[in-house]
Engineer: 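Before anything else, here's the structure in question.
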Amino acid sequence: MARPGLAGPVLGVARDLLGRVVEAWSPEGTVAVRLTEVEAYGGAADPASHAFRGRTSRTEVMFGPPGHLYVYFVFGMHWCCNVVCGADGVASAVLLRAGAVVSGLDLARHRRTTARSDPELARGPARLAAALGLDGRANGVDLCAAASPVRLLAGTPVPDRAVEQGPRVGVASAGDVPWRFWVAADPSVSTYRLGGRRRVSRATLPVTTSRRG
DNA sequence: CCATTGATCGTCT
DNA sequence: GACGATCAATGGT
């Protein structure tokens, strides 16, 4: 089966995931999210990647074929989702950081009762996973199979002029690498906590700077 | 608006 | 035994 745009280098895959739609089915209903913020991990030698220290049971999916979902557990309470990309045997993935709910709004609101506005429903990787109803059970799911409970749809491409790029959020190492991509001025993008625990100097902030137009 | 902190557990050392 | 690819609540400016 074809895996459009998922087998190449991780940076290109990440950028092109913006505007695409992740649709998750469950007995409760279906929620779909249009991706507005992503981060690339892995590739050549990325110390921030879970796969950096080699193959373990957790990172097994990252080493597998592209187009599958890598779901991991963080901070004792949250789940986060990645799209595995690159060739089989190359461990790279794109973290899904934020999106706009485009279908199943009522169900997403039900799952995210603390959200004060709709753009907040999937603003942040753990929130996005929660809005879609995804947890460890979705780890390894094939996103390109018609019968999968989680699928990656074509969506609408985002033109270059609307894409901004900057450092990844919350990574302890390689925090200066601009491998985070987001849709400019989109309210669902998690603009807070830029740089995470470590302070990031202003010089390394967005490569394209047009936050306020 | 911004900064700080507690919650809570799988994974790896 | 330490540490997170985080979130939400709290309190300050």
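The analysis underlying the following values was restricted to heavy atoms, covering all of them including side chains, and did not include hydrogens, waters or symmetry mates. Per chain, numbering begins at 1; letters A, B, ... match sequence-line order. From a predicted model like this one, the values you see are computed outputs, not experimental measurements.
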Engineer: Do any N or O atoms from the side chain of A/R127 and from the backbone of A/R112 form a donor-acceptor pair under 3.5 angstrom?
Structural biologist: no
Engineer: Specify the separation, in whole Å, of atom CZ of A/R123 and atom P of C/dC7.
Structural biologist: 10 Å
Engineer: Has A/D46 got a side-chain atom pairing as donor or acceptor with A/A48's backbone, closer than 3.5 angstrom?
Structural biologist: yes
Engineer: Using whole Å, what does the distance between atom C1' of nucleotide B/dT11 and atom CE of A/M62 come to?
Structural biologist: 15 Å
Engineer: Under 4.0 Å from OP1 or OP2 of C/dA8: is there any side-chain N or O of A/R127 that close?
Structural biologist: yes
Engineer: Might you confirm whether atom CZ of A/R137 has over 12 heavy atoms from other residues, nucleotides or ligands at distances under 6.0 Å?
Structural biologist: no
Engineer: Checking side chain to side chain donor-acceptor pair (under 3.5 Å) against A/W182, which of A/E164, A/E37, A/Q165 comes through?
Structural biologist: A/E164
Engineer: Write down the distance between NE2 (A/H78) and P (C/dG4), rounded to a whole number of angstrom.
Structural biologist: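 Answer to the nearest Å: 16 Å.
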Engineer: Measure the acute angle between the ring planes of A/H50 and A/Y72, then classify it against the limits of 30° and 60° as parallel, tilted or perpendicular.
Structural biologist: perpendicular
Engineer: Compare the minimum distances between each of B/dC12, C/dA5, C/dA9 and the side chain of A/T114, then state the nucleotide with the smallest one.
Structural biologist: C/dA9
Engineer: How long is the line joining CG of A/N82 and C1' of C/dA5, in whole Å?
Structural biologist: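 Checked: the CG to C1' distance equals 8 Å.
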Engineer: Using atom CE of A/M77 as one end and atom P of B/dT5 as the other, report the distance to the nearest whole Å.
Structural biologist: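 In whole Å, B/dT5 P lies 16 Å from A/M77 CE.
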Engineer: Kindly indicate whether the side chain of A/V61, heavy atoms from C-beta on, has any atom under 4.5 Å from the side chain of A/N139.
Structural biologist: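 A side-chain contact under 4.5 Å exists here.
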Engineer: Rounded to whole angstroms, how far apart are CZ on A/F52 and P on B/dT11?
Structural biologist: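 After rounding, the reported distance stands at 21 Å.
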Engineer: So what does A/Y41 touch, heavy atoms closer than 4.0 Å: a base, only the sugar-phosphate, or nothing?
Structural biologist: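 Base, at least one base atom sits under 4.0 Å.
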Engineer: Where each pair must be Watson-Crick or G-U wobble with both distances under 3.5 Å, what dot-bracket representation of DNA chain B is obtained, with crossing pairs in [ ] and other-strand partners as |?
Structural biologist: |||||||.||||.
Engineer: Name the closest nucleotide to the A/T56 side chain, picking from B/dC12, C/dA5, C/dT6.
Structural biologist: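 In terms of side-chain proximity for A/T56, the closest of B/dC12, C/dA5, C/dT6 is B/dC12.
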Engineer: Closest to the A/R58 side chain: B/dC12, B/dG10, C/dT6?
Structural biologist: B/dC12
Engineer: Does A/R97 pair with A/E39 as a salt bridge, N-O distance under 4.0 Å?
Structural biologist: yes
Engineer: NA contact type, A/R112, heavy-atom cut-off 4.0 Å: base, sugar-phosphate, or nothing?
Structural biologist: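 Here A/R112 touches the backbone only, sparing every base.
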Engineer: Out of C/dA5, B/dG10, B/dC12, which has the shortest distance to the side chain of A/R97?
Structural biologist: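 Of the candidates, C/dA5 comes closest.
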Engineer: Any side-chain N or O of A/H50 less than 4.0 Å from the OP1 or OP2 oxygen of B/dT11?
Structural biologist: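 Answer is no, no contact under 4.0 Å.
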Engineer: Send over the distance from A/R111 CZ to C/dC7 P, rounded to a whole Å.
Structural biologist: 17 Å
Engineer: Measure CZ/A/R53 against C1'/B/dC12 and give the value in whole Å, please.
Structural biologist: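 From A/R53 CZ to B/dC12 C1': 10 Å.
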